[in-house]
Amino acid sequence: MSTVAVVGSLNMDLVIRAPHCPVKGETVMGGAFGMAGGGKGSNQALAAARLNANSHMIGCVGDDDFGRRLRSVLIENRVNCDYLVTKQGAATGTAVITVTDSGGSSIVISPGANTLLDEEIVYNARKVFEESDAALFQMEVPAETVAAGLKLARLSGCRTFLSAEPPFSLPSDVWKNIDCMILNERALNFYAGIREHVPSNKMADEILKRGVHDLVVTSSSKGGTVFTSDGNNFHFDAFNIHAVDNTGARDAFCAGLSVALSEGMPLKIAAKFASACGAMACTKIGAHPSMPWRHQIGALLGEIDDDEF
């Protein structure tokens with residue numbers, strides 16, 4: 001069993017079903033309303049636990065009902081919350097999500113306590129990194145905290161993963177501490193810093209030469225491409241599923257990839273496993289509710305036994 005440390009955000013998601021996302025000045029009559037846990041960090045920690053990893057959540061919530069609910073759900077799913085800090089007087093992060101009939105979504109986030117995740121909290125959790133096989137980070141918490149965490153995790157012997165979205169500028173010394181960077185095509189363009197249209201492989205090369213070992217560029221229903229520092233690039237396919245809500249799909253993918261690689265799966269098999277995790281997360285409404293279980297991934301992959309997955 002692998003051990004995964006997740007450093008990042010926790011939000012309570014307020015989800016409204018609607019025929020389409022509103023444009024400027026438009027009011028849309030929506031349908032069903034739901035409330036569920038979310039935030040890229042807690043999504044990944046929950047998914048890692050459901051994929052049979054020892055999962056640790058490092059982050060911040062407020063001293064409010066949302067924070068208590070998020071902590072409770074994670075603990076119920078066997079996520080270790082010893083380093084999930086409650087900030088007195090702060091509000092827990094909140095996301096307002098519109099989910100369309102086609103399964104797409106638009107999201108507005110009030111980060112709340114997530115902005116209070118600082119380097120001291122991450123440093124206090126250094127023992128977790130020393131005991132973990134992988135450390136996952138995202139960009140919904142302060143960039144300087146992400147940078148410090150990546151460095152500490154690397155020094156502790158973790159394989160480091162950065163889900164580099166939403167895209168924000170990173171300090172120049174961060175790149176060498178990233179083993180695997182996961183992003184979409186829009187973020188690839190942002191981080192490559194190339195304005196004119198160039199092929200994806202050229203943009204990927206620009207990032208890899210900064211010290212990143214592997215770069216995974218996802219393309220939703222088109223699957224994605226893995227670019228490696230040794231040039232063994234490959235494409236992986238998406239799974240053909242009926243999508244009802246893509247909220248949290250990338251987080252399920254990231255968790256799946258980190259768990260699979262921590263268990264020793266080759267990169268190509270790990271990418272397929274992660275793709276199945278992302279696909280399964282699109283089959284339910286809400287982030288936390290849609291994070292996949294290991295047996296669901298096995299069924300989607302058509303496994304007969306657990307030798308490969």
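- Within the structure, ring-ring contact (aromatic ring centres under 6.0 Å, His included) pairs that include any residue of residues 230-267 comprise F236-F253 (at least two apart or interchain).
- Without hydrogens or angle criteria, R50 side chain to W293 main chain gives no donor-acceptor distance under 3.5 Å.
- Evaluation of the salt bridge (Lys or Arg N to Asp or Glu O under 4.0 Å) rule for R68 yields no partner, not counting sequence neighbours.
- Remark: side-chain polar atoms of Y191 are paired, donor with acceptor, to backbone N or O of F168 under 3.5 angstrom.
- The list of salt bridge (Lys or Arg N to Asp or Glu O under 4.0 Å) pairs with a residue in residues 203-225, not counting sequence neighbours, reads E206-K209, E206-R210.
- With sequence neighbours left out, D133 forms a salt bridge (Lys or Arg N to Asp or Glu O under 4.0 Å) with no residue at all.
- Here R159 pairs with nothing under the salt bridge (Lys or Arg N to Asp or Glu O under 4.0 Å) rule; sequence neighbours left out.
- No donor-acceptor distance shorter than 3.5 angstrom exists from the side chain of S132 to the backbone of E130, with no hydrogens or angles considered.
- For the pair R69 and F66, the cation-pi criterion (under 6.0 Å, within 45° of the ring axis) is not fulfilled.
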TODO: Step by step, work out the salt bridge (charged side-chain N to carboxylate O under 4.0 Å, His left out) result for E263 and R294.
DONE: CA-CA 13 Å; E263 291 181 359; R294 186 66 176 245; 3.0 Å; yes
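- Here R250 pairs with E165 under the salt bridge (Lys or Arg N to Asp or Glu O under 4.0 Å) rule; sequence neighbours left out.
- Side-chain atoms of D13 do not come within 3.5 Å of backbone N or O of V15 as any donor-acceptor pair.
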